[in-house]
Asks: 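Following this message is one structure expressed as structure tokens.
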Amino acid sequence: MQLILFDCDGTLVDSQLVIHTAMSRAFERSAVAPPDRQRALSIVGLSLHEAVRRLLPGGEEGMLQEIANGYKAAASELREDPAFAAPFFPGARETLMTLAGRTDVVLGLATGKSRRGVDRLIATEGLEGVFGVIQTADSAPSKPHPAMILQAMASAGASESQTIMIGDTTFDIDMAREARVTGIGVAWGYHPVDALVQSGADRIVESYADLRSALGVGGEGGA
């Protein structure tokens with residue numbers, strides 16, 4: 001049995017437009033200069049409060065909470081606008097369905113999104129029953145703390161050698177390293193490949209076809 005955990009934003013779905021725009025609006029509504037796109041995307045994967053803390057170091061707790069609340073409100077508004085859709089990366093859905101159909105795999109999510117956000121994604125994209133394990137920022141410390149992976153392993157009854165974490169940020173790879181599991185970095189996300197390598201990624205994949213090969217599974221449909 002293998003436990004295969006995926007990050008969400010930047011790994012499965014391309015949500016950069018929503019994240020950057022919502023964060024910019026949140027900062028502006030609090031009369032604080034917003035981060036540029038690169039800086040805004042650098043914190044993807046962290047829990048929301050930790051992300052805001054890194055974007056506004058030294059900020060007072062009240063201000064950090066105000067911006068976090070502003071981000072939630074802005075993101076909710078943007079999700080109603082088709083122009084801010086967050087599509088799956090090419091081959092992501094097909095890979096999930098291939099893995100979900102295997103009896104020797106438990107498929108999971110380990111994401112900085114809230115459980116509400118994950119449930120919305122699952123319902124919108126018709127992914128009910130695909131993930132056997134779901135770990136979110138609501139039930140564990142922010143990445144790169146290994147709790148999400150450790151809790152997923154305990155839930156699935158998986159050992160370190162049976163577990164793989166797949167993500168696009170150094171937070172994912174650092175989390176995998178701390179949990180002593182295999183960490184696979186994806187080249188199409190929000191952190192540069194050289195940073196993933198420096199964090200200790202066991203492997204870098206360039207496409208979902210490459211990932212399926214790395215996992216030893218077949219499947220058609222998308223790069």
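Note that the structure is predicted; figures quoted are calculated from it, not measured.
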Asks: Just by modelled atom types, is the T170 backbone N or O under 3.5 Å from a matching donor or acceptor in the H191 side chain?
Replies: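 Yes; at least one donor-acceptor contact below 3.5 Å.
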
Asks: Would you call the rings of Y208 and W188 parallel, tilted or perpendicular, taking 30° and 60° as the class edges?
Replies: tilted

Asks: Supply the atom-to-atom distance T124 OG1 to R79 CZ, rounded to the nearest 0.5 angstrom.
Replies: 9.5 Å

Asks: With heavy-atom distances below 4.5 Å as the criterion, would you say the side chains of V44 and F171 are in contact?
Replies: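 Heavy-atom side-chain distance check fails, nothing below 4.5 Å.
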
Asks: Stepwise, does the side-chain contact (heavy atoms from CB on, under 4.5 Å) test hold for D202 with I184?
Replies: CA-CA 6 Å; D202 293 285; I184 297 179; 5.6 Å; no

Asks: Applying the 4.5 Å side-chain criterion to the ILVMFWY set and letting contacts propagate, would L127 and V217 be lumped into a single cluster?
Replies: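 L127 clusters together with V217.
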
Asks: Measuring from T95:OG1 to F89:CZ, what's the distance to the nearest 0.5 Å?
Replies: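 These two atoms lie 13.0 Å from each other.
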
Asks: Please round to the nearest 0.5 Å and tell me the distance separating atom CG of L196 and atom CZ of R203.
Replies: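 Those atoms lie 14.5 Å apart.
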
Asks: Rounded to the nearest 0.5 Å, how far does CD of E94 lie from CG of L99?
Replies: 11.5 Å

Asks: In Å, rounded to the nearest 0.5 Å, how long is the span from CG of L12 to CG of L109?
Replies: 6.5 Å

Asks: Would you find a donor on one side and an acceptor on the other, under 3.5 Å apart, between the side chain of S42 and the backbone of R39?
Replies: yes

Asks: I would like to know whether Q65 and N69 meet side-chain hydrogen bond (donor to acceptor under 3.5 Å, both in side chains); could you show each step before the answer?
Replies: CA-CA 6 Å; Q65 190 59 54; N69 291 339; 3.0 Å; yes

Asks: Spell out, as yes or no, whether a donor-acceptor pair under 3.5 Å connects the side chain of S76 to the backbone of K72.
Replies: no

Asks: Give a yes or no answer on whether the side chain of S142 reaches the backbone of S47 with a donor-acceptor pair at less than 3.5 Å.
Replies: yes

Asks: Is it true that L17 and F88 fall in one hydrophobic cluster, defined by side-chain heavy atoms closer than 4.5 Å?
Replies: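 No, it is not one cluster - the side chains of L17 and F88 are not joined through contacts under 4.5 Å.
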
Asks: Write down the atom of E61, the atom of R53, and the distance for their closest heavy-atom approach.
Replies: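 Minimum heavy-atom separation between E61 and R53: OE2-NH1, 3.0 Å.
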
Asks: Apply side-chain contact (heavy atoms from CB on, under 4.5 Å) to L78 and R25, showing your working.
Replies: CA-CA 11 Å; L78 293 172; R25 291 185 181 181; 3.4 Å; yes

Asks: Considering all heavy atoms of both residues, which atom of L121 and which atom of C8 are nearest to each other, and what is their separation?
Replies: CD2-SG, 3.5 Å

Asks: Applying side-chain contact (heavy atoms from CB on, under 4.5 Å), run through Y71 and V52 and close with a yes or a no.
Replies: CA-CA 9 Å; Y71 176 88; V52 174; 5.6 Å; no

Asks: For M1, is there any backbone N or O sitting under 3.5 Å from a side-chain donor or acceptor partner on D104?
Replies: no

Asks: Determine, step by step, whether T136 and R115 satisfy the side-chain hydrogen bond (donor to acceptor under 3.5 Å, both in side chains) criterion, reporting the C-alpha distance in whole Å, the side-chain angles of both residues, the deciding distance to 0.1 Å, and the verdict.
Replies: CA-CA 6 Å; T136 72; R115 182 59 193 246; over 6 Å; no

Asks: Between G157 and Q162, what is the shortest heavy-atom contact and its length?
Replies: O-OE1, 4.1 Å

Asks: Between D174 and K143, is there a salt bridge with N-O shorter than 4.0 Å?
Replies: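 Result for this pair is no, no salt bridge flagged.
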
Asks: S159 vs M153, test: side-chain contact (heavy atoms from CB on, under 4.5 Å). Steps then yes/no.
Replies: CA-CA 7 Å; S159 66; M153 290 165 59; 5.6 Å; no

Asks: Say whether L5 and V205 are linked into one hydrophobic cluster, either directly or through other cluster members, by side-chain heavy-atom distances under 4.5 angstrom.
Replies: no

Asks: Are the side chains of T11 and T111 in contact, using a 4.5 Å heavy-atom criterion?
Replies: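 No, their side chains stay 4.5 Å or more apart.
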
Asks: Within the supplied structure, the quantity of interest is the number of heavy atoms (other residues, nucleotides, ligands) at a distance under 6.0 Å from E128 CD; does it exceed 12?
Replies: yes

Asks: Could you walk me through whether R29 and E77 pass salt bridge (charged side-chain N to carboxylate O under 4.0 Å, His left out), step by step?
Replies: CA-CA 14 Å; R29 288 172 183 176; E77 294 167 2; 3.1 Å; yes

Asks: Backbone N or O of T169 within a donor-acceptor pair of the Y190 side chain at under 3.5 Å?
Replies: no

Asks: If we ignore hydrogens and angles and just use 3.5 Å, is the side chain of S114 paired with the main-chain N or O of G117 as donor and acceptor?
Replies: yes

Asks: Closest heavy-atom contact between I173 and A201?
Replies: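 The pair with the smallest heavy-atom distance is CG2-N, 3.4 Å.
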
Asks: Count I, L, V, M, F, W, Y as connected when their side-chain heavy atoms are under 4.5 Å apart, and connections chain through other members. Are L48 and L41 then in the same cluster?
Replies: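 Yes, one cluster joins them.
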
Asks: Answer yes or no: is there a side-chain heavy-atom contact under 4.5 Å between L55 and I67?
Replies: no

Asks: Considering only NZ, NE, NH1 and NH2 on the basic side and carboxylate oxygens on the acidic side, decide whether D138 and R116 come within less than 4.0 Å.
Replies: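 Looking at R116 together with D138, the answer is no, because their closest N to O distance does not fall below 4.0 Å.
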
Asks: Taking all non-hydrogen atoms of both residues into account, name the closest pair between D9 and D7 and its distance.
Replies: O-OD2, 2.9 Å

Asks: Using a strict cut-off of less than 4.0 Å between a Lys/Arg side-chain nitrogen and an Asp/Glu carboxylate oxygen, indicate whether R120 and E80 qualify as a salt bridge.
Replies: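 Judged by the 4.0 Å cut-off on N to carboxylate O distance, R120 and E80 do not form a salt bridge.
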
Asks: Are any non-hydrogen side-chain atoms of V130 and L107 less than 4.5 angstrom apart?
Replies: yes

Asks: Does R93 use its side chain to pair, donor to acceptor, with the backbone of E125 at less than 3.5 Å?
Replies: yes

Asks: Between R177 (side chain only) and S199 (backbone N and O only), is there a donor and an acceptor less than 3.5 Å apart?
Replies: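 Yes, the answer is positive, given that a donor and an acceptor are paired below the 3.5 Å cut-off.
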
Asks: Hey, what do you get for OG (S24) to CD1 (I19), rounding to the nearest 0.5 Å?
Replies: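 One gets 11.5 Å once the value is rounded to the nearest 0.5 Å.
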
Asks: Could you tell me whether the side chain of M175 reaches within less than 4.5 Å of the side chain of M148, counting heavy atoms only?
Replies: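 Yes; the side chains approach each other to less than 4.5 Å.
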
Asks: Which atoms form the tightest heavy-atom contact between P141 and A147, and what is the distance?
Replies: CD-CB, 3.5 Å

Asks: Could you tell me whether the side chain of T163 reaches within less than 4.5 Å of the side chain of Q2, counting heavy atoms only?
Replies: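 Side chain of Q2 against side chain of T163, heavy atoms only: no contact under 4.5 Å found.
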
Asks: So do the side chains of L96 and T98 get within less than 4.5 Å of each other, counting heavy atoms only?
Replies: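 No, too far: nothing below the 4.5 Å cut-off.
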
Asks: Report yes if the side chains of Q151 and S139 come closer than 4.5 Å at any heavy-atom pair, otherwise no.
Replies: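 Heavy-atom side-chain distance check passes, below 4.5 Å.
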
Asks: I164 and L211: same hydrophobic cluster, using ILVMFWY side-chain contacts below 4.5 Å?
Replies: yes

